[in-house]
Amino acid sequence: KSFRLNHQVSLRETISRLFNRTQRRDLSLASSEEFWALKNVSFKIQQGEALGIIGRNGAGKSTLLKIISRITRPTEGSVEITGRVGSLLEVGCGSGMYLDLMRALGWSRVVGVDINARAIQQARDDLGIEAYCGTLADARLEAASFDAVSLSHTLEHVPEPVEFLREVNRLMKPGARLAVIVPNMESRGAKHFGAHWYHLDSPRHMVNFHRRSLRTALARAGFQLKSL
């Protein structure tokens with residue numbers, strides 16, 4: 001996928017060129033260049049396989065997702081998608097932007113839960129997301145009804161994480177996947193900043209994790225760890 005970037009020339013630069021003999025001929029107010037966000041990318045995902053998209057800022061991750069979800073067209077090549085993915089639950093969904101993207105990628109049912117009433121109303125009204133305001137228990141969702149659950153910076157806000165994870169487990173189908181993202185108390189940032197580390201975020205963050213404590217919480221809730 002390529003994009004054309006336009007660069008505006010400032011008034012100061014234009015005046016400077018007027019008095020510069022070597023640049024006097026080039027008095028255009030704008031220039032442009034072609035930029036490739038993605039190029040020569042080719043892969044195939046078989047039924048039942050899981051794919052994670054990882055890369056540095058500017059690597060093209062968002063562009064790839066937009067092409068897969070048909071939000072934008074590729075400059076070259078094509079994308080072929082068949083079938084539907086399944087049901088996805090996100091706890092801490094905010095206004096539902098992630099769920100909206102996952103729905104565009106093929107998930108047949110996306111459900112969100114969040115304690116922010118305004119965000120939930122926006123998810124319902126603007127995106128048509130099945131969204132519930134309150135705690136996960138408040139949503140009263142049916143057991144064994146989701147193929148995947150996403151907890152992105154959610155678990156650290158829960159006062160009883162093991163009980164919460166057990167409720168998540170109850171809602172998941174046999175063989176379903178759980179993805180958890182939390183701040184790491186053993187990260188370089190945490191060690192460098194100590195008590196001033198941004199992600200301590202007291203009192204909003206009720207529990208903070210390192211790899212060992214997260215592994216323990218998941219095991220006590222009945223999960224089998226695949227990767228950490």
Side-chain angles (χ1 to χ4, degrees), residues 37 50-66 88-102 105 107 110-123 127 129 131-139 141 146 148-172 176-228:
L51 172 69
I53 301 173
I54 302 172
R56 59 176 174 77
N57 289 341
K61 303 185 295 297
S62 296
T63 302
L64 177 59
L65 287 174
K66 289 178 181 178
L88 169 67
L89 169 67
E90 182 184 21
V91 185
C93 66
S95 58
M97 294 181 63
Y98 171 76
L99 290 174
D100 187 45
L101 175 59
M102 293 301 103
L105 288 171
W107 289 86
V110 294
V111 179
V113 178
D114 201 288
I115 61 172
N116 189 316
R118 185 175 181 180
I120 288 295
Q121 197 63 46
Q122 184 177 350
L127 301 177
I129 299 291
Y132 300 88
C133 184
T135 66
L136 182 58
D138 292 335
L141 297 167
F146 292 99
V149 178
S150 171
L151 305 177
S152 178
H153 292 281
T154 299
L155 197 58
E156 64 269 27
H157 296 272
V158 177
E160 298 292 341
V162 174
E163 291 302 315
F164 173 80
L165 287 169
R166 285 173 180 161
E167 174 62 9
V168 170
N169 199 347
R170 184 186 71 84
L171 299 174
M172 297 172 65
R177 300 291 185 94
L178 169 66
V180 180
I181 301 175
V182 293
N184 182 4
M185 288 292 293
E186 295 176 330
S187 67
R188 290 183 179 179
K191 293 177 180 178
H192 178 78
F193 291 104
H196 303 287
W197 187 43
Y198 172 79
H199 286 294
L200 289 177
D201 201 10
S202 179
R204 296 196 315 140
H205 287 187
M206 299 182 180
V207 181
N208 284 294
F209 295 90
H210 45 58
R211 296 169 69 91
R212 186 175 65 258
S213 60
L214 181 59
R215 185 184 293 110
T216 300
L218 290 167
R220 289 181 178 177
F223 286 98
Q224 182 179 358
L225 189 64
K226 293 294 184 181
S227 63
L228 180 63

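Just so we're clear, the structure is a prediction, and the values are computed from it rather than from any experiment. As a basis for the values below, the full set of heavy atoms in this structure was taken, side chains included, without hydrogen atoms, waters or symmetry mates.
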**Student:** Report yes if the side chains of Phe164 and Thr135 come closer than 4.5 Å at any heavy-atom pair, otherwise no.
**Tutor:** no
**Student:** Using residues 202-209 as the side-chain source, report each donor-acceptor pair under 3.5 Å to any protein atom, sequence neighbours left out, with the distance given to one decimal.
**Tutor:**
from	atom 1	to	atom 2	distance (Å)
Arg204	NE	Asp201	OD2	3.1
Arg204	NH2	Asp201	OD2	2.6
His205	ND1	His199	O	2.6

**Student:** Roughly how far apart are Leu88 CG and Tyr98 OH, rounded to 0.5 Å?
**Tutor:** 5.5 Å
**Student:** Counting only pairs under 3.5 Å, give me each side-chain donor-acceptor contact of residues 179-196, with atom names and distances, residues two or more places apart or in other chains.
**Tutor:**
from	atom 1	to	atom 2	distance (Å)
Asn184	OD1	Glu186	N	2.9
Ser187	OG	Asn184	O	2.9
Ser187	OG	Ala190	N	3.2

**Student:** Looking at side-chain heavy atoms only, is the closest gap between Leu136 and Leu89 below 4.5 Å?
**Tutor:** yes
**Student:** Check whether any side-chain heavy atom of Leu127 lies under 4.5 Å from a side-chain heavy atom of Leu99, and answer yes or no.
**Tutor:** no
**Student:** Under 3.5 Å, is there a donor-acceptor pair between the side chain of Arg220 and the main chain of Arg166?
**Tutor:** no
**Student:** Please confirm whether the backbone N or O of Val91 pairs with a side-chain atom of Thr154, one donor and one acceptor, at under 3.5 Å?
**Tutor:** yes
**Student:** Hey, are the side chains of Leu178 and Asn169 touching, using non-hydrogen atoms and a 4.5 Å cut-off?
**Tutor:** no
**Student:** How many angstroms lie between CE in Met97 and CD1 in Ile129, if you round to the nearest 0.5 Å?
**Tutor:** 11.0 Å
**Student:** Is a side-chain N or O of Arg211 found less than 3.5 angstrom from the main chain of Leu228, in a donor-acceptor match?
**Tutor:** yes
**Student:** Are side-chain heavy atoms of Tyr132 and Val111 found at a separation under 4.5 Å?
**Tutor:** yes
**Student:** Could you check whether any side-chain N or O of Asp114 sits under 3.5 Å from a backbone N or O of Cys93, counting only pairs where one atom can act as donor and the other as acceptor?
**Tutor:** yes
**Student:** Using 0.5 Å steps for rounding, measure from the CZ atom of Arg212 to the CZ atom of Arg215.
**Tutor:** 9.0 Å
